[in-house]
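See below for the structure under consideration.
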2 protein chains.
Amino acid sequence: MIKTVNLTKVFRTDEVETTALNNINIEIKKGEFVAVMGPSGCGKSTLLNILGLLDTPTKGDFYFLDENVAGYSERQRARLRKHNIGFVFQNFNLIDQLNVFENVELPLIYLRMSAKERKEKVHEALETMQIAHRVKHYPNQLSGGQQQRVAVARAVVSKPHFILADEPTGNLDSKHGDEVMRLLSGLNEKGTTIIMVTHSQRDAEYSHRIIHLFDGQVLSENVK
Amino acid sequence: MIKTVNLTKVFRTDEVETTALNNINIEIKKGEFVAVMGPSGCGKSTLLNILGLLDTPTKGDFYFLDENVAGYSERQRARLRKHNIGFVFQNFNLIDQLNVFENVELPLIYLRMSAKERKEKVHEALETMQIAHRVKHYPNQLSGGQQQRVAVARAVVSKPHFILADEPTGNLDSKHGDEVMRLLSGLNEKGTTIIMVTHSQRDAEYSHRIIHLFDGQVLSENVK
Ligand SMILES: Nc1ncnc2c1ncn2[C@@H]1O[C@H](COP(=O)(O)OP(=O)(O)OP(=O)(O)O)[C@@H](O)[C@H]1O
Ligand SMILES: Nc1ncnc2c1ncn2[C@@H]1O[C@H](COP(=O)(O)OP(=O)(O)OP(=O)(O)O)[C@@H](O)[C@H]1O
Ligand SMILES: [Mg+2]
Ligand SMILES: [Mg+2]
């Protein structure tokens, strides 16, 4: 259960002040599959980063699993995040010094799973994303779409309660894109709450509800 | 005029040998607008990097403007590249230490243009990509789609003879994506040769011809 109350985010640099989010009020129930859409620069990634406990609001409240986490420290947020959230980043954020196996394994190391069990789960995630044949490659030895698939594998490997995905199919052909969407759908049917930023109307069709953002504000919400 | 003869590219790492391109024979005429499509990992970026003189073949010949450049040194390729090619990278490759203005200005500095003329051209490119309001921002202060638009602005700013674009609309909503495609179309009508890798059937509609790659080989070519 995720809820924001008058959520505002302002970025300040020497030159410029940008209000990326302006009084956002949204609620996401357990088990929902919500898409977030809107023009480039309207605040989607900023919202997802706050919902994913990677960033903090400037003003307003944010309830995550019924705790008001708006004022939480980095350490408190990291703890909540590691136990609950799988995140697919818009630019993948793979670790260049780790190979594909090690990148996907990382969330499981935080959960203190045995090496044998980690190996099983990593291979399962890689097989699902059809990237097992690149297991020993490093990120800079992968195509753009292959990096994206590794990023998705890493987000799902621990079967987290929440998956937050920022444009998970942007670099994929339609066949691989559909496979990612089917994976997310399947996890949602088993109870995973999914919040997905997308520019693709086609991907948004998999969701229960679409939140439209514009210029840092909620424009509308369509229930499908 | 671009031509490849039995072009082959093999990547070798300690563990693995990957044949990314396998005997590619293609020809692109001056003034054409060619789209390159195919599944994730099939060799599109590898091909574009070689055509764009950023990488060299393992075997085979490659004619660029009637010179066989397959064996050219980095220095020779860089010189040809700076005077002829604008490149939009799949992961943007913006320089983090330079702001938006400086990133877009970079190709013009190599061409030894006056500061006044550079400023005019940079502002024109930024206006066309609707990103002028972010001119003093640094890449990590931009949204994914804004970074992509800066990358496109940089590729077109010197009005080069060739534009090579690797998935130029992957992070853009349909409105901004269409604007990029209209810009490329417009440049093509004025004589720019365009080679565009894309996963989007919609973007491919703007091209004269689509080359389909699969597993490192040319599968087919459709003339539209
Ligand atoms: N530096 C490298 N070392 C080893 N293998 C590589 C390297 N770069 C690319 N490859 C491999 O070469 C193949 C082709 O990669 P390429 O980036 O050209 O694919 P692509 O068609 O652009 O894919 P996408 O649509 O996912 O961007 C892939 O299987 C990739 O794993
Ligand atoms: N660190 C930052 N400093 C300053 N401004 C920022 C920063 N990060 C984002 N912004 C600005 O906040 C706004 C929202 O950015 P955000 O990344 O959320 O957009 P988005 O909706 O995800 O766009 P896209 O579809 O292009 O990915 C943008 O106008 C951007 O320039
Ligand atoms: Mg974004
Ligand atoms: Mg590619």
Side-chain angles (χ1 to χ4, degrees), chain A residues 11-16 18 20 37-46 48-49 89-92 94 99-100 129-131 133-150 166-167 169-177 179-180 197-202 212-214, chain B residues 11-16 18 20 37-46 48-49 89-92 94 99-100 129-131 133-150 166-167 169-177 179-180 197-202 212-214:
Chain A
F11 289 108
R12 287 189 184 88
T13 68
D14 312 319
E15 305 266 355
V16 168
T18 310
M37 302 186 81
S40 173
C42 74
K44 305 178 296 297
S45 297
T46 304
L48 209 70
N49 288 342
F89 293 88
Q90 188 166 5
N91 65 351
F92 320 145
L94 298 180
N99 67 26
V100 165
M129 297 311 304
Q130 303 189 344
I131 196 79
H133 61 305
R134 291 278 178 270
V135 63
K136 291 207 147 69
H137 281 226
Y138 285 80
N140 65 5
Q141 296 169 337
L142 299 176
S143 77
Q146 290 169 338
Q147 291 176 19
Q148 190 155 37
R149 284 184 274 151
V150 174
D166 201 340
E167 310 214 22
T169 66
N171 278 280
L172 299 177
D173 53 280
S174 53
K175 176 165 166 295
H176 283 104
E179 276 154 23
V180 170
V197 168
T198 184
H199 283 305
S200 157
Q201 194 58 46
R202 175 175 174 159
H212 291 277
L213 291 187
F214 186 84
Chain B
F11 289 108
R12 287 187 186 90
T13 68
D14 312 320
E15 304 267 353
V16 167
T18 309
M37 303 186 82
S40 173
C42 74
K44 306 179 296 297
S45 297
T46 304
L48 209 70
N49 288 341
F89 293 87
Q90 189 167 4
N91 64 352
F92 320 145
L94 299 179
N99 68 26
V100 165
M129 296 312 304
Q130 304 190 343
I131 195 80
H133 62 304
R134 290 278 177 270
V135 62
K136 292 207 147 68
H137 281 227
Y138 285 79
N140 65 5
Q141 295 169 338
L142 299 176
S143 77
Q146 290 170 337
Q147 291 175 20
Q148 189 154 38
R149 284 184 274 152
V150 173
D166 201 341
E167 309 214 22
T169 66
N171 279 281
L172 299 177
D173 52 281
S174 54
K175 175 166 167 291
H176 283 104
E179 276 153 22
V180 169
V197 169
T198 185
H199 282 306
S200 157
Q201 194 58 46
R202 176 174 174 161
H212 291 276
L213 291 187
F214 186 84

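Values below: every heavy atom of this structure, side chains too, minus hydrogens, waters and symmetry copies. Below, read A as the first sequence line, B as the second, and so on, with proteins coming before strands; counting in each chain starts at 1.
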Out of A/M37, A/K175, A/Q201, A/R149, which one racks up the most heavy-atom pairs below 4.5 Å with chain B?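 Among A/M37, A/K175, A/Q201, A/R149, the one with the most close pairs to chain B is A/R149.
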
Chain B contact via [X] - side chain, backbone, both or neither, heavy atoms under 4.5 Å:
X      : value
A/Q146 : both
A/N171 : both
A/S40  : both
A/Q141 : side chain
A/K136 : side chain
A/T18  : side chain

Residue pair [X] / [Y]: nearest heavy atoms and the distance that separates them:
X      : Y      : answer
A/G38  : B/D173 : O-CB, 4.2 Å
A/R202 : A/S174 : NH2-CB, 3.8 Å
A/R134 : A/V100 : O-CG2, 3.3 Å

If we define contacts as heavy-atom pairs under 4.5 Å, which of B/G145, B/G43, B/C42 has the most with chain A?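 Going by pairs under 4.5 Å, I would pick B/G145.
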
Using a cut-off of under 4.5 Å for heavy-atom pairs, which of B/G177, B/A20, B/G41 has the most such pairs with chain A?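 Most heavy-atom pairs within the cutoff with chain A belong to B/G41.
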
Can you tell me if A/Q147 uses its side chain to pair, donor with acceptor, with the backbone of A/P139 under 3.5 Å?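 At least one qualifying donor-acceptor pair exists.
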
With a 4.5 Å limit on heavy-atom distance, are the side chains of A/V150 and A/M129 in contact?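 Side chain of A/V150 against side chain of A/M129, heavy atoms only: no contact under 4.5 Å found.
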
Quick one: does A/Y138's side chain get under 4.5 Å of A/N99's, heavy atoms only?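 A side-chain contact under 4.5 Å exists here.
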
Would you please say whether a donor-acceptor pair under 3.5 Å links the side chains of B/Q90 and B/S45?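 Present: a donor and an acceptor within the cut-off.
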
